[in-house]
Amino acid sequence: MGAKKKQGRQACCLQTMANDSSFLFSGIRFDRKRFGGDIAKFEKKESDHALNVSSLIEVEEVEPVGGKASAKKRKRKGTVSETVDGFNVFKKSKSAERPPKDGDKSVIEPVLKKEQNRQLERDALFRKKHNIHVSGYNVPSPLQNFNELSSRYKCEKYLLRNLVELGFREPTPIQRQAIPVLLHDRECFACAPTGSGKTLAFVCPMLMKLKDPSKNGVRAVVLCPTRELSSQTYRECKKMAKGKKFRIKLMTKELSRTGDFSKFPCDILISTPLRLRLAIKRKKVDLSRVEYLVLDESDKLFELGLFKQIDSIIKACSNPSIIRSLFSATLPDFVEDRARELMHDAVRVIVGRKNMASETIKQKLVFTGSEEGKLIAIRQSFAESWNPPVLVFVQSKERAKELHGELAYDNIRVDAIHSDLSQKEREDAVDNFRAGKTWVLIATDVVARGMDFKGVKCVINYDFPDSASAYIHRIGRSGRAGRAGEAITFYSEDDIPFLRNIANLMAASGCEVPSWLMELPKKKWKKHRPKRDSISTKPKE
DNA sequence: AAAAAAT
């Protein structure tokens, strides 16, 4: 009995590994005699899904390396850490722990088997071509094009029409893989660079899954870390749903206070965590029928402080068949750990490498000596290459106000955004920046994530970012959708200890980094960032 | 450590 259990688990591991493209070609020995029963059972189950091809069978076919060698190989190969991580995901996953039982002795048709193998091989090559890394058991084939949405998944006309009208021609890598995963009702955590189309990757399957508007209460929830981002996601969502009468609602202050969702039918609800939690507490919204939950910028949402709120929302979504998904450009290990506790049978989709800056951004470092030097440097930078609209990030609200005051005298249209402003002022700041009325927007990290300011060509980190992920997200406001972007990061004496972290990111995303930088000692981000001198040059009274 | 997230 015990032996049988062990066999099963082993089969399961192999399967997980075989799903990763790197494993398909590195080869794993699979003892068909021992696990034959398992395979047969899997194959039978999978034949119900026309598009899901069992990977177990594949394993036997590609078999040049000895069984023990495969473990060693795993340690050596570059892509491996991901695979090993991915494997761990399923070690904890309950359904993956439940391997098929012995006993089914049915024989598989050799022809079918061959075809399945070919499909798997095609998928692996295709993923490799688009730099998509997956782990998880039985990952659905990636999309070749958007037309497959209708040929494979019977997507309705309105959605295809909207895709064309909005200018989506070719799916991006994250869309190619995450959309089929979600359409197969699989939970998913996805990591892809900034500006690579993550929003569409979860909105599109969401609309397809919901099919039609209904009066069954809230059926889909999207959570975002800031109001600006939720309102942006709301707009994208409405654009994609054009032609269908879905009731899509943005959780505004008003709605969270007085809105009674049992009275307004609502299919899709987009909110920040606290507002939604407030509505739940006041029993204004019932999430027990939610079929689809998206945590956008999930690593931010999983940060301490926000996590507690998320947790209560996740619990309120009590529908057992709910499909949850996590999206972000950065996916630290602690988020994956928490995600594992949360999700079952999830597929992990990574485009490029985890926690990487977008490769379309030209990144520069500028030494400014002291705080005062920064003000000179930013003016100089404007004089040298005036490339508006420019987004300037500072460390705190106070500093945003100060810098705003300084630059306001310079005859440039400058504005600031931070959380001390009223909702209206924040909205106006974003709208004016988008409309080109504001040339330079000074911001705290409130708009560092997810915001899509299409025209932004240049991001200036006036204050050094607080973390690698803050850097990645900030500079990711430029260079979106494959366009070129520029990022300039100022650093003063005080920032030098943390410079190496940024240098590494720059080098990893293909930017030239002076060699002395790479020789700096490695140092972890400090909790206590240096206290910065005031920006203001005006004499103090 | 700051920012954001409710009123």
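First the proteins, then the strands, lettered A, B, ... as listed; each starts at 1.
Contact between the side-chain N/O atoms of A:Arg399 and the OP1/OP2 oxygens of B:dA2 is not found at any separation under 4.0 Å. Taking side-chain N and O atoms only, A:Thr226 has no distance below 4.0 Å to OP1 or OP2 of B:dA3.
Not counting sequence neighbours, the partners of A:Gln309 by the side chain to side chain contact (heavy atoms under 4.5 Å, CB included) test are A:Pro273, A:Leu274, A:Arg277, A:Leu306. Remark: A:Glu425 pairs with no residue by the salt bridge (charged side-chain N to carboxylate O under 4.0 Å, His left out) rule, at least two apart or across chains.
Counting only heavy atoms from C-beta on, A:Thr444 has its side chain closest to B:dA3 among B:dA3, B:dA2, B:dA6. Distance from the side chain of A:Asp466 is smallest for B:dA2 among the nucleotides B:dA5, B:dA2, B:dA6.
Following rounding to the nearest Å, A:Leu229 (CG) and B:dA3 (C1') show an atom-to-atom distance of 15 Å. Nucleotide B:dA5 holds its C1' atom 14 Å from the CG atom of A:Asp420, rounded to whole Å. Summarising the geometry, the separation between NZ on A:Lys284 and P on B:dT7 is reported as 13 Å, rounded to the nearest angstrom. Summarising the geometry, the separation between NZ on A:Lys300 and P on B:dA1 is reported as 16 Å, rounded to the nearest angstrom. One atom, CD1 of A:Ile417, and another, P of B:dA2, lie 21 Å apart when rounded to the nearest Å. The NZ atom of A:Lys253 sits 13 Å away from the C1' atom of B:dA5 (whole-angstrom rounding). Following rounding to the nearest Å, A:Arg449 (CZ) and B:dA2 (C1') show an atom-to-atom distance of 14 Å. When rounded to the nearest whole Å, the span between CG of A:Asp299 and P of B:dA3 equals 19 Å.
Atom CZ of residue A:Phe307 and atom CZ of residue A:Arg338 lie 4.5 Å apart, to the nearest 0.5 angstrom.
Among the protein residues, A:Lys397 comes within range of the sugar-phosphate backbone only, with heavy atoms under 4.0 Å from sugar or phosphate atoms but none that close to a base. A:Pro273 comes within contact range of no nucleotide atom at all, as no heavy-atom separation falls under 4.0 Å. If you check every strand for non-hydrogen atoms under 4.0 Å, A:Arg277 touches nothing. Among the atoms of the strands shown, only primed sugar atoms or phosphate atoms (P, OP1, OP2) are found under 4.0 Å from some heavy atom of A:Arg426.
Salt bridge status for A:Arg399 with A:Glu402: absent, with no side-chain N to carboxylate O gap under 4.0 Å.
Of all heavy-atom pairs between A:Ile174 and A:Ser196, the closest is CG2-O, 3.3 Å.
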